[in-house]
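Order of the sequence lines sets the chain letters (A, B, ...), proteins ahead of strands, with each chain counted from 1. Side chains are part of it too, since the values below use all heavy atoms of this structure and drop only hydrogens, waters and symmetry mates.
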There are 2 protein chains.
Amino acid sequence: MGLAKTEIFTDEQNQISVFAKAFGHPARVAILQHLFKIDTCFCGDLVKEIGLAQPTISQHLKELKYLGLIKGTVEGTSVCYCIDMDNWKEMKDLMTAFLGQDLLPKDECC
Amino acid sequence: MGLAKTEIFTDEQNQISVFAKAFGHPARVAILQHLFKIDTCFCGDLVKEIGLAQPTISQHLKELKYLGLIKGTVEGTSVCYCIDMDNWKEMKDLMTAFLGQDLLPKDECC
DNA sequence: TTAATTCATTGCAATATTACGATTAATATT
DNA sequence: AATATTAATCGTAATATTGCAATGAATTAA
């Protein structure tokens, strides 16, 4: 096993879990926070910023890129990474709706 | 390896990733959605509701309980699970702040 | 051209996760 | 007491994730 039985869940549930999994590692959280923080286009010293080896960072970036949360543009020998705002907002809406379920009316229990 | 180097990240980054990981499986998303949806206290037919074996559901519930997102009260032979609203709201604030970084003022790039 | 820089990819070891059958523990019912 | 019900735990197999050294590909600098 070791793999989720995605076929028995709704698309929404699977999507939420896929995005959540992306945030399920502190390195990816740190990468995204850094990309948001810097106000100029970022061009590649994430390895120094975060204390992980270059292949490791590269792998995390690949996952975020695969999900569409970031995009990378090649500039000479470096690559400029930044948040893909359209996709980020879409993901944010999905996650916000999930997190905001506590606002729906319901009876008290327990 | 196979384990995250949590010591090089901030508490906030680690906390976000820990909660996100909880949502990183569709079964746990489904469990939480179900606990939110039902308006009476839920008492244990999650196994029927979701199509996974009882030990598997029990394991997912354990993780959610460990994080404090749900609480379970024993009632006879069954256990009544429900969302821990206080902790949920705390988690929600943390995640919302992370997701809402796109609202901070920043220059355009890329 | 040669060397340097930057980042991606490959391959691998260590660990984590998912799922479930079998069992156990606790309470309810008869 | 004997049986049934409910849910937790144990053990285990299959797969995923994390991290990095080594290497490769592309571009730039000398």
Item to check | Annotated protein contacts, base or backbone, on nucleotides 21-27 of chain D with a non-hydrogen cut-off under 4.0 Å, one of B, S, - each | outcome: BB----B

Next on the checklist: Can you pull out every salt bridge (Lys or Arg N to Asp or Glu O under 4.0 Å) where at least one residue sits in residues 6-17 of chain A? Sequence neighbours excluded, please.
Outcome noted: none

Next on the checklist: How many whole angstroms separate atom CD1 of I50(A) from atom P of dC7(C)?
Outcome noted: 13 Å

Checklist entry - According to a strict under-4.0 Å criterion, is T56(A) in side-chain N/O contact with OP1 or OP2 of dG19(D)? => result no

Item to check | Contact list for DNA chain C against residues 5-29 of chain A - heavy-atom distance below 4.0 Å | outcome: K5(A)

Checklist entry - From the list dT18(C), dA8(D), dC7(C), which nucleotide is the closest neighbour of the side chain of V79(A)? => result dC7(C)

Next on the checklist: Output the rounded distance in Å from CG (L46(B)) to P (dA8(D)).
Outcome noted: 10 Å

Item to check | Value in whole Å for how far the P atom of dG19(D) lies from CD1 of I57(A) | outcome: 9 Å

Next on the checklist: Suppose the criterion is side-chain hydrogen bond (donor to acceptor under 3.5 Å, both in side chains): which pairs have a residue in residues 51-60 of chain A, not counting sequence neighbours?
Outcome noted: R28(A)-H60(A)

Checklist entry - What residues form a side-chain contact (heavy atoms from CB on, under 4.5 Å) with T6(A), not counting sequence neighbours? => result A4(A), N14(A)

Next on the checklist: Counting the atoms with a prime plus P, OP1 and OP2 as sugar-phosphate, which does L52(A) contact under 4.0 Å by heavy atoms, base, sugar-phosphate, or nothing?
Outcome noted: sugar-phosphate

Next on the checklist: Can you give me the closest heavy-atom contact between F9(A) and Q13(A), atom names plus distance?
Outcome noted: CB-OE1, 3.4 Å

Checklist outcome for this item: Output for pair (E49(A) CD, L35(A) CG), nearest 0.5 Å, gives 10.0 Å

Checklist outcome for this item: Value for CG (D45(A)) from CD1 (I57(A)), rounded to nearest 0.5 Å, stands at 10.5 Å

Checklist entry - Measuring from I70(A):CD1 to K62(A):NZ, what's the distance to the nearest 0.5 Å? => result 12.5 Å

Checklist entry - Quick one: is Y66(A) getting a side-chain N or O under 4.0 Å of the dA8(C) phosphate, OP1 or OP2? => result no

Checklist entry - In whole Å, what is the span from the CD1 atom of I70(A) to the P atom of dC7(C)? => result 12 Å

Item to check | Nearest-angstrom distance from the residue atom NZ of K48(A) to P of dC7(C) | outcome: 9 Å

Checklist entry - Roughly, in whole Å, what's the span from CG in L64(A) to P in dT17(D)? => result 13 Å

Checklist entry - Whom does dT23(D) pair with, Watson-Crick or G-U wobble, provided both distances fall under 3.5 Å? => result dA8(C)

Checklist entry - In whole Å, what is the span from the CG atom of L61(A) to the C1' atom of dC20(D)? => result 16 Å

Item to check | L52(A) versus A27(A), closest heavy-atom pair with distance | outcome: CD1-CB, 3.7 Å

Item to check | For atom CD of Q59(B) and atom P of dA8(D), their distance in whole Å | outcome: 11 Å

Checklist entry - With sequence neighbours excluded, what pairs up with K92(A) under the side-chain contact (heavy atoms from CB on, under 4.5 Å) test? => result W88(A), T96(A), L99(B), D102(B), L103(B)

Next on the checklist: Between H60(A) and dT17(D), is there a contact of a side-chain N or O with OP1 or OP2 at under 4.0 Å?
Outcome noted: no

